[in-house]
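It should be emphasised that the depicted structure is a prediction, and the values quoted were computed from it without experimental measurement. Position 1 is the first residue of the sequence, and the numbers go up from there.
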Amino acid sequence: QVQLVESGGGLVQAGGSLRLSCAASGRTFSSYAMGWFRQAPGKEREFVAAINWSGDSTTTADSVKGRFAISRDNAKNTVYLQMNSLKPEDTAVYYCAADQNRSPVVRMRPYQYEYWGQGTQLTVSS
């Protein structure tokens with residue numbers, strides 16, 4: 001089992017940058033595929049980015065491609081989401097998710113993740 005705690009959210013102006021962090025408990029973090037999802041008010045939770053257990057395979061949603069990047073540091077039990085060129089439509093609660101899985105394939109569906117953090121709010125002002 002793993003517990004996830006997101007941090008780094010806040011208020012930022014459009015065009016700005018921010019990095020989210022997700023710290024995981026437990027000794028087997030390197031066995032987990034990780035993902036970032038977001039949910040805006042009145043909308044469904046949507047995929048943002050994912051990384052496989054080793055970090056050599058990543059993918060991002062088309063809506064953030066070229067602006068967001070996911071990475072992980074298995075020594076620190078942490079996954080990151082670097083967000084650049086932020087837009088007001090990026091405003092949402094951002095969730096970190098984990099699934100114990102050593103497949104080389106990244107996972108993009110919420111149901112594929114077993115563990116979730118509580119979320120961190122990102123607000124981008126215009």
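- Put simply, CZ on Phe47 and CD on Gln112 are 9.5 Å apart, with the number rounded to the nearest 0.5 Å.
- For the residue pair Val2 and Ala98, the shortest heavy atom distance occurs at CG1-CB, 4.0 Å.
- Atoms OG1 and CZ, on Thr28 and Arg102 in that order, are 9.5 Å from each other to the nearest 0.5 Å.
- Although no hydrogens or angles enter the test, the distance criterion places a donor-acceptor pair under 3.5 Å between the side chain of Thr91 and the main chain of Val124.
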Candidate pair Tyr32 and Asn101, rule side-chain contact (heavy atoms from CB on, under 4.5 Å), full reasoning: CA-CA 5 Å; Tyr32 286 81; Asn101 156 43; over 6 Å; no
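- Counting heavy atoms from C-beta outward, Ile51 and Trp36 have side chains that stay 4.5 Å or more apart.
- The side-chain heavy atoms of Tyr80 and Leu20, taken from C-beta on, include no pair separated by under 4.5 Å.
- Within a 6.0 Å radius of CD in Gln121, other residues, nucleotides and ligands contribute more than 12 heavy atoms.
- Note: Ser71 OG to Leu81 CG = 8.5 Å, rounded to the nearest 0.5 Å.
- The structure places CG of Leu4 at 7.0 Å from OG of Ser25, a figure rounded to the nearest 0.5 Å.
- Contact of the Met83 side chain with the Val12 side chain is not registered, since no non-hydrogen atoms from C-beta on lie closer than 4.5 Å.
- Under a 3.5 Å cut-off, the side chain of Tyr113 and the backbone N or O of Arg107 do form a donor-acceptor pair.
- Between Ser7 and Ser21, the closest side-chain pair of non-hydrogen atoms falls below 4.5 Å.
- A distance of 11.5 Å separates OG of Ser30 from CG of Asp73, quoted to the nearest 0.5 Å.
- Counted within 6.0 Å of CD on Gln118, heavy atoms from surrounding residues, nucleotides or ligands total 12 or fewer; the atom is thus considered open.
- You'll find the side chain of Gln39 stays beyond 4.5 Å of the side chain of Tyr94, heavy atoms only.
- In this structure, Arg45 is not positioned above the aromatic face of Phe37 in the sense of NZ or CZ being under 6.0 Å from the six-membered ring centre and within 45° of the axis.
- Environment of NZ in Lys76: sparse, with no more than 12 heavy atoms of neighbouring residues, nucleotides or ligands closer than 6.0 Å.
- In this structure the side chain of Tyr95 never reaches within 4.5 angstrom of the side chain of Arg38, judged on heavy atoms.
- Annotation: cation-pi geometry satisfied between Arg72 and Phe29 (NZ/CZ under 6.0 angstrom from ring centroid, within 45° of ring axis).
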Verdict with supporting geometry, Ser17 and Asn84, side chain to side chain donor-acceptor pair (under 3.5 Å): CA-CA 4 Å; Ser17 297; Asn84 301 323; 3.0 Å; yes
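- For the pair Asn52 (side chain) and Asp56 (backbone), a donor-acceptor distance under 3.5 Å is present.
- Counting only distance, with no hydrogens or angles, the side chain of Arg67 and the backbone of Ser85 share a donor-acceptor pair below 3.5 Å.
- Going from atom CD of Glu114 over to atom CG of Asp99 covers 6.5 Å, rounded to the nearest 0.5 Å.
- Phe68 and Met108 end up in different hydrophobic clusters when Ile, Leu, Val, Met, Phe, Trp and Tyr side chains are linked at under 4.5 Å.
- Counting only distance, with no hydrogens or angles, the side chain of Trp53 and the backbone of Ser31 share no donor-acceptor pair below 3.5 Å.
- Judged by distance alone, with hydrogens and angles left aside, the side-chain atoms of Glu6 form a donor-acceptor pair with the main-chain N or O of Cys96 at under 3.5 Å.
- Between Ile70 and Met34, the shortest heavy-atom distance links the atoms CD1-O, 4.2 Å.
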